Amino acid sequence: MSVVLEIKGLQIALPKGADRPLALDGLDLQVRAGEVVCLVGESGSGKSLTAGAVMRLLPEPHVRTVGGTITFDGTDIVAQTEAQMKRIRGAQMAMIFQEPMTALNPQKTVGWQLDEMLRLHMDAPRRDRHAHAIAMLERVQIPDPASAYNAYPHQISGGQRQRVMIAMALSLSPKLIIADEPTTALDVTTQLQILKLIRDLQEEEGAGVLFITHDFGVVAEIADHVVVLRQGEMVESGPASEVLNNPQHAYTRALIASVPDLKPPAPQQSDAPIVLEGKNLRKTFRARGGLLTGKRKAVVAVNDLSFTLRRGETLGVVGESGSGKTTVSRIVTRLLEADSGAVQLGETDLLACTPSQLRAKRAEIQMVFQDPMASLNPRKRVVDLIAQGPIVHGMPREEARAKARDLLELVELSPAAADRFPHEFSGGQRQRIGIARALALEPKVIVADEPVSALDVSVQAQVLKLLADLRARMSLSLLFVTHDLRVAAQLCDRIIVMQRGEIVEAGRTADVFADPQAEYTRTLMSSIPGRDWTPPKLSA
Amino acid sequence: MKLGLPPLLIYALRRLAQAVPVIILIMIGTFLLLKLAPGDTVDALVGDMGGADAQFIARLRAEYGLDQPVYVQLWVYMTKLATFDFGWSFVYEQPVATVLWDRLGVTLLLMATSLSLAFTVGIALGAIAARRAYSATDNVISTLGLVFYATPSFFLSLMMMLVFSVKLGWLPVGGIKTIAGFYTGWDHVLDVARHLIMPTAALSLIYLSFYLRLMRASVMEVADLDYVRTARAKGASESRLMIHHIMRNALLPVVTLLGLQFSTVLGGSVVVETIFTLPGLGQLAYQSVIQRDMNTLMGIIFLCSVIVVVVNFLTDLLYARLDSRIELK
Amino acid sequence: QEVRKGGTVIVHMNSEQRTLNPALRASTGVYYISGKIVEPLIDRSYDGYEPVLATEWSTSDDGLAITVKLREGVNWHDGEAFACDDVAFTAMEMWKPLLNYSSALQANLESVDCTDDLTAVFNYSKPMPLDLFVAAMPDLGHPMPKHLYEGTDILKNEYNTAPVGTGPFKFVEYERGQYVMAVKNEDYWREGYPHLDRVVWRFIRDKSAAAAALEAGEVHESGFIGVSMADVERLSNDDRFEVGTKGYENNVAHSTLEFNHRNEILANVKVRQAMHHALDIDFAIENIMRGFAAPGRGPVPAAGGANYTDDVPVYEYDVEKAKALLDEAGYPADDNGVRFTLRHRPAPWGEYTQLWGEYYAQAMKEVGIDVEILTNDAPGFLNGVYRDYDFDTANGWHQFRSDPAVSTMVWLRSGQPAGTPWTNQFGWQDDEIDQMIDDAASELDPEKRAAMYHEIQRKNQEILPVMFAIEHPFISVTNKKLQNHHNTPRWNSSSWYDLWLAE
Amino acid sequence: MSLTDTELSAPEPSRAIVFWRRYRRNRAALLGLGLFIVVLAMALLAGVVTPGDPLARAGAPLTPPFQSWETPLGTDQLGRDIFAGILYGARISLLVGVAATLVAIAIGVVIGALAGYFGGWVDDLLMRITEAFQTIPNFVLLLTLVAIMGSKIEWITVAIGIVSWTAPARMVRAEFMSLRDREFVDAARNLGVSNGALIFREILPNALPPIIVYASVIMALSILLESALAFLSLGDPNYASWGNMIGQGRAVLRTDPYCAVIPGIVIVLTVLSFSLVGEGLNDAANPRQKQ
Ligand SMILES: Nc1ncnc2c1ncn2[C@@H]1O[C@H](COP(=O)(O)OP(=O)(O)OP(=O)(O)O)[C@@H](O)[C@H]1O
Ligand SMILES: Nc1ncnc2c1ncn2[C@@H]1O[C@H](COP(=O)(O)OP(=O)(O)OP(=O)(O)O)[C@@H](O)[C@H]1O
Ligand SMILES: [Mg+2]
Ligand SMILES: [Mg+2]
């Protein structure tokens, strides 16, 4: 098979003052026709810049290619003029971006944007172009292509938007398709459909695909060939099966070792006392906005939901986006007022507390949030962030600070961190700070809403491990919200599966994974990317 | 919706319902505020006349109802206003409606021309500056914008008048038309246009910089967005990007400002109208304040509120027209 | 030079006159416009009184009835004939109840009888001196057409802003905020007049803009000091213009300094005298009035004719003397050189009044008097000074209207009703002066009367209840193309029937 | 080879230094800062360079500039030294600018914070009031306020503040609306922090930076408003102010233009300096990749 894209010794320079001088230092890579090459690596490793260099869309001059060659279909990309590049872009190499919402112009119809691609590169009358566009929409399996053609991006769903992007990218049968994390923003079920679609179409067209991702599950699902990047350096490259099952480089091994296993741990029999109980919780978001703000229908976010959480236990709440997971976690901590129901925390019903009772009670139930940056007040020093809770609950200032320093050690951060500001930490470190803050009040229950989904796999693994350790050591009860079934499998004793605000299935994790009862759970399970691949047990 | 009215009408009615309390608030507030001021219309009138005897002053005050308690005056005023009766201007000896009607045209003309000039030139220059960000062109445009912005309108007006009317004799000193010129048809239009050049320039140069700066920032922001990158990845040229993908999106925040700016411009026109003797609402408002011409000032404020509400409504429609995400359905 | 017929004269006015009915509002601003459209019964000329709509006037022996013969063959602009009914109606319905200043004058008017179409008899309940009646007529004697006013709400009648008169020019239109226009009355009773086709009054509030308009030839005349004093001086050196004070003999003004005698410091005559010594009047005349003024000599200006004298005490500029007087009065300077602080209200009547106020503050500081200036707009000022008495000193200008009895004496006479602007609201009360004023007003022998006013003038200068610091006539800047201008003592208020415009 | 993430990176330079570095890159902003420092120096040194009362007669009236050492920029109609007026005027302008801005921001922050934080009817009510203030032409409102309170400099300052608070209120409200849903606010609330502390200790410090940048705009506008008032003879004549100088110089504009032109240029430069500094702060606070 012919080589579509060949990158040799690619170097990309960053502007002065960036975290490193070269964003990319010596990348070699080949994409053949009909092949999917996955470029994997953690955040900031230079994946997107590689794509930018190939398309010649780097934000020049401050980020620019300074070394190496990029040969596309026999032409030297680096040497092309801008006019020549314009002819190549879109027609011969096309790109699919991560965020289908923002990658489409909100002010133009889907059809217009599809047509723009054709108009730019095809010398065909309007009617032919229209027919071609409709045909493309059909190929990406959009229901009712004719109406989708006239729709604005906001009028179709996220998955459909990504399909439109794919249709656009494929519409001129390019030789190379670059997909930069095309499914990261999508639900698992949709993600799998899109991956399948890309695979199918690419096989039909015989195009080469450079697929960028950080998710080894996705790699396992789609890749023929894998290239691993770390901080701009290529650490490993090889056929997918090789790299996934028998990684050579220590970094790759560590990464793969961090991928959570789909096999839940052996269930522990628990008859510990119940610490938290949700009873018939209900929350409806009323219709708001109107003509100019875009009318929304009333949403039943949580409907008649009940659960129990025992001491020392982790209860997972899983489900797709919009299923009501976050709403549950916010009702339980009473950051959101429920319409009805009760949250029994020990003897008290949290939802019936007066504001002052509630404030006292809050010490017993704490939260860890999803976005480690957003959940830390950027204007406060770490020590104050952690000490804030105890101080509010009456602990003398100095004592609270001393305690905060102790807690830093507990979450494996150096005490030197105490006097810094949140922005000086990496994502994983910030999440540790968040955990330390939650622990500072010595709560009985910790509610964690997607605490690791913003983190890279390796960091994710550490944070999960830390949580598991702490839970065991302090006999904490954890209400753990996640959309990632791999994570749920690893950490949770029991899970509840939510769909449209209701529980469709609940039970011990091992049981649910082994034998899902509900149709919806089954779909979820089968959509986990790379579900057939079991990360090899490696010693890092 | 249930009534089966067209959505635009429903929307208009809802906006009206929202605007009414605001306008009532404004009217009551202004009325009470003016009552706090020392002296009343009669003082101003007597001052204008060069004095009057005591009975005359008392008679006038009774005639105008100024001897009644404030709440009675307010009640009388508001009930009249409810029937769109603006009352009588004791200073102009005319119904307020007539006084306002005479001035409205000039002000609307002045504001419309200066705002549209400021808007179009501002966004054009802003877009150019943004596309050549940090270049010499950008520096010149941005700095000039700031200099105009920093120049007090009266200073600018006086300097222009000195140069273009007195020294060069190109443009008339003030007024809205050549008095006793008796132009008709196109000559009249041309004559009015000549009179409006300097005031329009003075007003628009100041507001131009708002649009310029906002547009520049907006274009720079939009130019970094994903869909622009998408279009570029399609092989679109820079001009195509600008026209089809950047401009329209970048215009949105600028359009919002257009609505908000309207009442500020009316305030700004006080000075410009005074210097160029344009018989507009701005000057009238100033005169009404210092003459304590309650009814006229209240009328102006009312009219202004209505204009602002209408303009905001129109900008919302324009916004909805420009932004496909917003639907009136 | 031969009279050229036709042409449009454009006149600058600083502020707009909203009502144009001189029978409802006595004010020079109104006459400036209405004088060309609505004629009075009698006008003033340099030779005395001139018959206009009245041809003869006489009084009964008891002074209770004044008979006025009216001009024949005069028509209102709408074609109706002018007749006695109009005079009777206007006098009873407007002059007596509605016209400022006139209400007091006509308080005793009982009725006006028309013995025939052209003879009006004014009946008074108390004797009305004919001289006073005649002297008032140029300003307070404008008849209006009865047929347009009868049965209407007079104050809201539409013709108040679109006057119908008998004058040489017919009202055409009033564009608010812009101009008033009048055209030649072809049916004017003075044969062969007027010369002009059209008169336009253009409102330009900004004085610099007004000067620019004069220079650009966009206006021909600006009266009542319509441009800044600096521009007055500048244009007086410009060949294209005549700049002068002729035609204002009836309207001279004093730039004053007014004391609130309720303040015990100012109640001290030495303090007032010291303050006068501290003011460099010549400096002010030179720099603020640009030389178009003279030092004031008390309540009667030089234009006051026989009633005026310059044989009065004067206060030369002498800072040391001022300081000494203040020490003497018991107000020594403290460590910061400050003796006391005064709150001063300058009248907001524009440039030179404001400068005069600031100059006063500046000059007082030299002798250790701190002056805090309180700026307000017109109603705020009038209220602060004349109703609330919330001031220590104030300054402004005050017009002298040909006779002290009907003008400046109200500044000295006690017992003025509160809240009436331009009257004695200063807390000044002096029985001797009150007596002198009353005596002078009722004295019939002109010579004796003049002597009495000289005495009041001297007394005022001695004890300074009010400081008549500077006297200045008004100034007109006139384009030299205008001919026959400023040829009567109240020219700007007159009818301009003989005015013409050279090429 | 370790993947642990627990080592700390080297401490970063303080925010202020980073901020200054970013600010320094913008040449126009540096120019603005320079101008601003000059104005500040003028205000501070006014009493030293030109001691005495700036309103006192200092020489023959209407001496043109560069004629005498006593009055380097000439004198006005009453013989007051224009140079001294410019220096003391800087004081008044800065004072009016700063104080009016503080008033505007104080009102704006309270209204915006309450509306943005509580939402619902509080927001509705406060926003209606804000709209009302926005609908009335601000200069007309200013004239009315000055008509009521008179032209004392203190009142003028307060009045300017009163007509300028709506924009900061809206900004604060918008910031609060976006910040109140941020996780760190939830985190603090979850710790049991009260509403008051949430508003003023947690959210406000984060909402302030754009407001502080905007302050330069209000300051510039305040100076312009003060000068426009003075131009209409509604300034406070007890102080030398640039606006007063222009207002009075206007009368002699044709014969002695320097009386109005010198303070006019000074106003332009001062307002320009505020605007440039504001733009610089804005750019430094929201660095763009380009540049
Ligand atoms: N325009 C730019 N200016 C300066 N530095 C940049 C720019 N774009 C990227 N970088 C830096 O280059 C490095 C690589 O960035 P890149 O976007 O390629 O990462 P990535 O692998 O795609 O990460 P992610 O998974 O988060 O998308 C990062 O350290 C980033 O900070
Ligand atoms: N403040 C709100 N106003 C209106 N609707 C809301 C609000 N918050 C959430 N919803 C709606 O409630 C439903 C449940 O939302 P929730 O955030 O709990 O979902 P989730 O399961 O956490 O999803 P995700 O995985 O995307 O975080 C969604 O349909 C959402 O649109
Ligand atoms: Mg990336
Ligand atoms: Mg969620």
Side-chain angles (χ1 to χ4, degrees), chain B residues 18-19 21-23 25-26 29-30 33-34 36-39 133-134 139 142-143 146-147 149-156 158-159 162 166 206 209 213 217 220-221 224 260 262-271 274-275 281-282 285-286 288-290 292 297 300-301 304-305 308-309 312, chain D residues 26-28 31-32 127-129 131-150 163 166-167 170 220 223-224 227-228 231-232 234 242-243 246-247 250 253-254 257 260-261 263-265 267-276 279 282 286 288-291:
Chain B
Q18 279 173 358
V22 176
I23 293 184
L25 197 70
I26 292 174
T30 320
L33 200 62
L34 264 164
L36 287 178
Y134 307 106
N139 284 341
S142 301
T143 313
L146 284 178
V147 169
Y149 168 75
T151 311
S153 57
F154 56 87
F155 190 61
L156 193 63
L158 285 180
M159 292 299 138
L162 201 61
V166 177
I206 291 160
S209 70
R213 293 200 283 173
M220 282 170 70
E221 191 168 319
D224 279 351
L260 286 178
F262 211 79
S263 72
T264 320
V265 180
L266 188 68
S269 66
V270 169
V271 170
T274 303
I275 292 179
L281 288 179
Y286 171 45
S288 306
V289 171
I290 61 176
R292 306 285 186 273
L297 187 67
I300 295 173
I301 301 273
C304 180
S305 317
V308 170
V309 168
N312 276 332
Chain D
N26 187 342
R27 251 176 300 158
L31 175 73
M127 279 303 107
R128 289 296 97 81
I129 293 176
E131 270 167 37
F133 268 86
Q134 249 174 347
T135 303
I136 303 180
N138 62 349
F139 195 67
V140 174
L141 181 59
L142 181 62
L143 289 171
T144 313
L145 291 175
V146 171
I148 293 169
M149 307 191 290
V163 303
T166 51
R170 281 184 176 275
I223 292 179
L224 290 176
S227 69
F231 178 79
L232 294 174
L234 292 171
W242 298 335
I246 299 187
R250 176 166 65 128
L253 189 64
R254 301 294 305 286
V261 170
I265 290 172
I267 289 186
V268 173
L269 290 179
T270 306
V271 175
L272 184 65
S273 81
F274 285 147
S275 306
L276 288 174
E279 297 253 293
N282 200 29
N286 311 303
R288 317 197 124 267
Q289 298 260 297
K290 293 174 181 167
Q291 198 181 69

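Just so we're clear, the structure is a prediction, and the values are computed from it rather than from any experiment. Naming: A, B, ... by sequence-line order, numbering from 1 per chain.
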Enquirer: Could you pull out all residues at least two apart from F133(D) that satisfy ring-ring contact (aromatic ring centres under 6.0 Å, His included)?
Expert: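 Applying ring-ring contact (aromatic ring centres under 6.0 Å, His included) to F133(D) gives W165(D).
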Enquirer: With a 4.5 angstrom heavy-atom cut-off, is it the side chain or the backbone of I136(D) that approaches chain B, or both, or neither?
Expert: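 Both backbone and side chain.
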Enquirer: Top residue by heavy-atom pair count (under 4.5 Å) with chain D, among I300(B), L36(B), L297(B)?
Expert: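 It is L36(B).
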Enquirer: Given that the side chain runs from C-beta out, which part of A28(D) has a heavy atom under 4.5 Å from chain B: side chain, backbone, both or neither?
Expert: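 Neither part; nothing is under 4.5 Å.
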Enquirer: Just so I understand: if I count every heavy-atom pair under 4.5 Å between each of I301(B), V271(B), L33(B) and chain D, which residue has the most?
Expert: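 Of the candidates given, the most pairs with chain D belong to L33(B).
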Enquirer: Do the side chains of V261(D) and M159(B) get nearer than 4.5 Å, heavy atoms only?
Expert: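 SC-SC contact between M159(B) and V261(D) confirmed.
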Enquirer: Do S275(D) and Y149(B) touch side chain to side chain, with heavy atoms closer than 4.5 Å?
Expert: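 The answer is yes; the side chains approach within 4.5 Å.
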Enquirer: About how many Å separate OH of Y286(B) and CG of L142(D), when rounded to the nearest 0.5 Å?
Expert: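 OH of Y286(B) is found 11.5 Å from CG of L142(D).
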Enquirer: If the condition is salt bridge (Lys or Arg N to Asp or Glu O under 4.0 Å), which residues does R170(D) pass it with, not counting sequence neighbours?
Expert: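 Counting only residues at least two positions away or on another chain, R170(D) forms no salt bridge (Lys or Arg N to Asp or Glu O under 4.0 Å).
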Enquirer: Please examine the side chains of P152(B) and V268(D), heavy atoms only from C-beta on, and report whether any two atoms are closer than 4.5 Å.
Expert: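 The answer is yes, as the side chains (C-beta and beyond) meet within the 4.5 Å cut-off.
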Enquirer: Could you look at L269(D) and say if it's the side chain, the backbone, both or neither that has a heavy atom under 4.5 Å from chain B?
Expert: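 It is neither, since no heavy atom gets under 4.5 Å.
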Enquirer: I need the single residue from L141(D), T144(D), I148(D) that forms a side-chain contact (heavy atoms from CB on, under 4.5 Å) with V289(B). Which is it?
Expert: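 Answer to the side-chain contact (heavy atoms from CB on, under 4.5 Å) test with V289(B) among L141(D), T144(D), I148(D): T144(D).
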Enquirer: Can you check side chain to side chain contact (heavy atoms under 4.5 Å, CB included) on F155(B) and I267(D), steps first, answer last?
Expert: CA-CA 10 Å; F155(B) 190 61; I267(D) 289 186; over 6 Å; no
Enquirer: Given the rule in the side chain to side chain contact (heavy atoms under 4.5 Å, CB included) test, do V140(D) and V270(B) qualify, once you have shown the distances and angles that lead to the verdict?
Expert: CA-CA 8 Å; V140(D) 174; V270(B) 169; 4.0 Å; yes
Enquirer: Heavy-atom pairs under 4.5 Å with chain D are the metric here; pick the option from I23(B), L34(B), T151(B) that has the most.
Expert: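 Going by pairs under 4.5 Å, I would pick T151(B).
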Enquirer: Does any backbone or side-chain atom of R254(D) lie under 4.5 Å from a heavy atom of chain B? Answer side chain, backbone, both or neither.
Expert: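 Contact with chain B involves the side chain of R254(D) alone.
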Enquirer: Check Q18(B) against R128(D) and note the closest heavy-atom contact, atom names and distance.
Expert: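 Looking at all heavy atoms of both residues, the shortest contact is O-CD, 4.2 Å.
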Enquirer: I need the residue from A220(D), G243(D), A228(D), A167(D) with the largest number of non-hydrogen atom pairs under 4.5 Å to chain B.
Expert: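 Answer, by heavy-atom pair count under 4.5 Å with chain B: A228(D).
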Enquirer: Considering only heavy atoms and a distance below 4.5 Å, find which of G282(B), S153(B), S305(B), S209(B) pairs most often with chain D.
Expert: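 The option with the most such pairs is S305(B).
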Enquirer: Would you indicate whether the side-chain heavy atoms of F231(D) and T274(B) approach each other to under 4.5 Å?
Expert: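 They are not in side-chain contact.
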